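Everything below concerns the one structure shown next.
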Amino acid sequence: MAYHQTSYFLFFFPLAVLCYQLTPERHRWKTLLFFNYLFFFFISKKLLACLLVSSALTHYVGLWLGYVKARHREILAQTAREERRERKQSLKQKERRIFLFGLLVHLGLLLFFKYTGFLALNANFLLGGLGVSARFTIPAWAAPVGISFYTLQAVSYLADIYLGKMEEDTNLGRVALYMSFFPTIMEGPICRYTETARRLYSGAPVNWENLTRGSQRMIWGFFKKLVIADRLDILVKTVFNGYVQYDGAVVAAAALGYTLQLYAEFSGCMDIVIGSGEVFGIKLPENFRQPFFSRTASEFWTRWHITLGAWFRDYIFYPVSMSGFAKKLNRNGRKRLGPVYGGIPAAACALFAVWLCNGIWHGSGWHYIFFGLYYFVLILAGNILEPAVKEFSERRGIDRACAAYRMWQRIRTFLLVIFGELFFRAVSLRAGFVMAGKMFANFLPASFTNGTLLKLGLDGKDFTVAACALLLVFVVDYLHERGFHIRDKVAGWRLPLRWCVYYGAIALVIVFGAYGAGYAPVELIYAGF
Amino acid sequence: MEKLKSILEAMHPGVDYDTCTTLIDDHILGSFDVINLVSDLEDAFDVEFSPVDIVPENFNSMQSLWQTILRLQDGE
């Protein structure tokens with residue numbers, strides 16, 4: 001089962017909403033928890049045990065941390081002011097050990113399920129290179145769907161208690177709900193405890209407004225997923241799986257196609273997820289904010305998979321930046337290199353940790369690690385070059401705020417994103433380099449006009465439908481970027497017109513969706529991460 | 001407070017730090033700037049920032065930054 005399948009939106013979701021609503025308010029959280037676990041059982045079967053273990057671990061380590069912190073607060077309150085800082089440091093060590101225990105168990109589970117095969121494969125490669133005949137067995141076990149997402153949620157819960165951002169929750173049910181909310185378990189968004197837990201537990205009734213607004217958002221998600229993403233998948237799969245036989249122009253078209261597919265797929269899925277949450281009265285965090293309007297790679301990651309970027313910023317970038325090593329490096333760097341460039345080495349360390357983790361988080365393959373480090377280089381280079389670009393622009397009288405310059409920045413960022421996605425989607429790192437090489441060394445523009453693109457699984461009608469749908473998504477994104485909120489506008493229209501729009505949107509999905517004869521079912525891309 | 005203002009002005013001149021309350025929200029201070037700023041503030045005011053102090057609310061204005069420094073000096 002997945003969010004875009006009929007088994008979800010015609011059966012599971014309506015049944016969950018109905019049972020939730022029919023349950024007395026104070027017991028609704030139990031109904032929700034039951035459906036969370038039922039959903040997880042459908043997608044991961046007996047690996048449901050992993051989620052149960054992770055939830056219990058998160059709860060009890062949180063309680064332990066909370067108890068120790070409270071005890072330490074009492075000790076500090078009785079400590080003389082001049083000794084307080086030193087005493088605080090020593091007490092913090094114990095809190096750190098408890099936090100690290102919870103962190104390492106969670107990361108250990110993630111490593112075991114998701115990366116053992118990758119590690120064994122690379123260890124075997126190394127052993128082969130060293131002439132050792134012994135080999136590790138490549139494990140064949142599957143990882144629980146969503147483990148990458150709920151692990152980050154668990155870690156943020158424990159980190160926030162450890163850092164003193166919030167108190168531990170003594171209610172196991174609330175922690176379990178937070179860890180398992182079925183609309184978010186497969187692809188996120190990665191929620192923070194303070195954003196969703198209490199609302200999930202409150203058992204607020206489903207009301208008409210939430211039901212209609214949530215459903216509208218879901219329809220828009222189905223449109224992006226079924227009309228655009230699943231249609232483009234055919235072309236993308238054909239080229240990426242058989243890249244050897246295509247020239248650079250076809251590869252470039254496929255890289256563009258994949259970038260658009262991924263955006264339509266992931267943001268569409270987020271529309272379905274956020275809409276599902278809205279029906280229950282849960283406001284989930286947004287994961288996309290018109291990413292293709294970004295002017296830099298750095299800005300792109302504040303608009304694309306926002307909750308992941310924010311997680312890495314809060315739990316890796318700043319903690320690494322605030323470590324003793326990074327602070328020392330920063331001071332020394334600024335003494336030797338001056339105030340403009342001196343801070344770069346320390347920031348680069350934190351940035352490297354972020355993007356290495358980002359790449360590894362996305363999957364167990366070298367091409368994912370390359371993808372992460374690609375953005376490390378882009379963002380670091382952007383920061384290093386910024387003072388020089390600024391000075392050059394001022395000297396040459398270039399207005400960096402003018403529309404033309406901003407447009408150039410957006411196009412440049414879009415092209416850089418497409419290039420990165422080529423490696424992200426490639427079947428291996430080597431394949432990524434071969435495909436990138438073709439774009440520079442074997443680019444045949446004739447492929448765009450001689451019908452080659454029509455031999456990749458999509459006919460002229462498919463291209464027309466995809467192009468029109470993408471144009472519609474672009475217009476909607478443009479309006480959002482300008483601060484114009486379409487749903488609010490449509491909600492203010494008279495009833496007949498309003499319902500014509502809603503029925504029209506449903507009809508578009510039914511008529512133009514890439515499903516049924518001639519189209520293979522397409523799994524959710526991010527559910528695989 | 002004047003010392004804080006001079007540190008901020010050395011980092012990004014031309015900003016009205018007396019009235020600006022969106023230093024982070026308007027991207028006047030980026031994440032690289034925050035790291036450099038923390039280093040300067042720790043040296044200037046003998047305080048120690050931890051990751052929990054690095055939140056937009058503490059860095060959005062000179063006033064909020066000053067309050068954060070006072071709190072850290074107080075050993076809270």
Side-chain angles (χ1 to χ4, degrees), chain A residues 76 79-89 92 159-166 295-296 298-299 302 309 312-324 326-335 339-351 354 379-380 382-384 386, chain B residues 2-17 20 22-62 64-65 67-76:
Chain A
L76 283 174
T79 307
R81 191 174 167 163
E82 54 274 15
E83 294 170 18
R84 204 176 288 164
R85 191 182 282 189
E86 203 177 318
R87 189 88 172 110
K88 198 174 174 183
Q89 292 291 342
K92 198 81 187 162
D160 285 352
I161 296 171
Y162 168 67
L163 293 170
K165 287 184 184 174
M166 66 173 204
R295 290 158 62 188
T296 62
S298 180
E299 185 189 355
T302 63
F312 282 124
R313 180 197 63 210
D314 292 348
Y315 301 109
I316 295 184
F317 185 79
Y318 283 132
V320 173
S321 307
M322 293 297 112
S323 66
K327 281 180 178 176
K328 199 172 165 187
L329 190 62
N330 186 293
R331 282 194 183 93
N332 288 339
R334 295 173 78 199
K335 266 182 208 156
V340 178
Y341 293 107
I344 297 282
C349 289
L351 204 60
V354 165
I379 293 171
L380 186 64
N383 277 283
I384 292 172
E386 173 59 21
Chain B
E2 283 307 308
K3 201 168 164 186
L4 170 62
K5 194 173 176 182
S6 67
I7 290 172
L8 287 166
E9 277 172 347
M11 184 167 279
H12 276 290
V15 179
D16 184 0
Y17 289 105
C20 185
T22 52
L23 292 172
I24 298 291
D25 297 345
D26 286 349
H27 306 288
I28 296 166
L29 295 179
S31 47
F32 278 41
D33 294 323
V34 169
I35 298 171
N36 290 336
L37 183 58
V38 164
S39 177
D40 286 343
L41 297 178
E42 288 189 347
D43 290 343
F45 297 100
D46 189 29
V47 290
E48 192 175 351
F49 281 75
S50 67
V52 73
D53 302 311
I54 315 297
V55 287
E57 305 88 81
N58 289 347
F59 286 79
N60 253 334
S61 70
M62 189 169 71
S64 59
L65 206 41
Q67 292 303 319
T68 306
I69 291 165
L70 293 179
R71 183 172 56 76
L72 292 172
Q73 280 179 331
D74 203 31
E76 290 293 316

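The sequence lines fix the lettering, A, B, ..., with proteins before strands; numbering per chain opens at 1. All values derive from a computational prediction rather than experimental measurement.
- Taking A:Tyr341 as the reference, nothing meets the ring pair (Phe, Tyr, Trp, His ring centres under 6.0 Å) condition, with sequence neighbours excluded.
- Between B:Ile35 atom CD1 and A:Ile344 atom CD1 the span is 9.5 Å, to the nearest 0.5 Å.
- In this structure, A:Asn330 CG and B:Phe32 CZ are separated by 11.0 Å, a value rounded to the nearest 0.5 Å.
- The two residues B:Val38 and A:Lys327 make their nearest non-hydrogen contact at CG1-CE, 4.4 Å.
- Looking at B:Ser39, both its backbone and its side chain come within 4.5 Å of chain A, counting heavy atoms on both sides.
- The minimum heavy-atom distance between A:Met322 and B:Ser50, with the atom names listed, is CG-C, 4.2 Å.
- For the pair B:Ser31 and A:Tyr318, the minimum side-chain heavy-atom distance is below 4.5 Å.
- Heavy atoms of A:Leu351 lying under 4.5 Å from chain B belong exclusively to its side chain.
- For the atom pair CG of B:Asn36 and CZ of A:Arg331, the computed distance is 11.0 Å after rounding to the nearest 0.5 Å.
- From A:Leu163, atom CG reaches atom CD1 of B:Ile54 across 11.0 Å, with rounding to the nearest 0.5 Å.
- Neither the backbone nor the side chain of B:Asp33 comes within contact range of chain A; no heavy atoms are under 4.5 Å apart.
- Of all the heavy atoms in B:Pro51 and A:Pro319, the pair that sits closest is CG-CA, 3.6 Å.
- Note that CD of B:Glu48 and CD of A:Gln89 are 5.5 Å apart. Values are rounded to the nearest 0.5 Å.
- In this structure, the portion of A:Phe317 lying under 4.5 Å from any heavy atom of chain B is its side chain and not its backbone.
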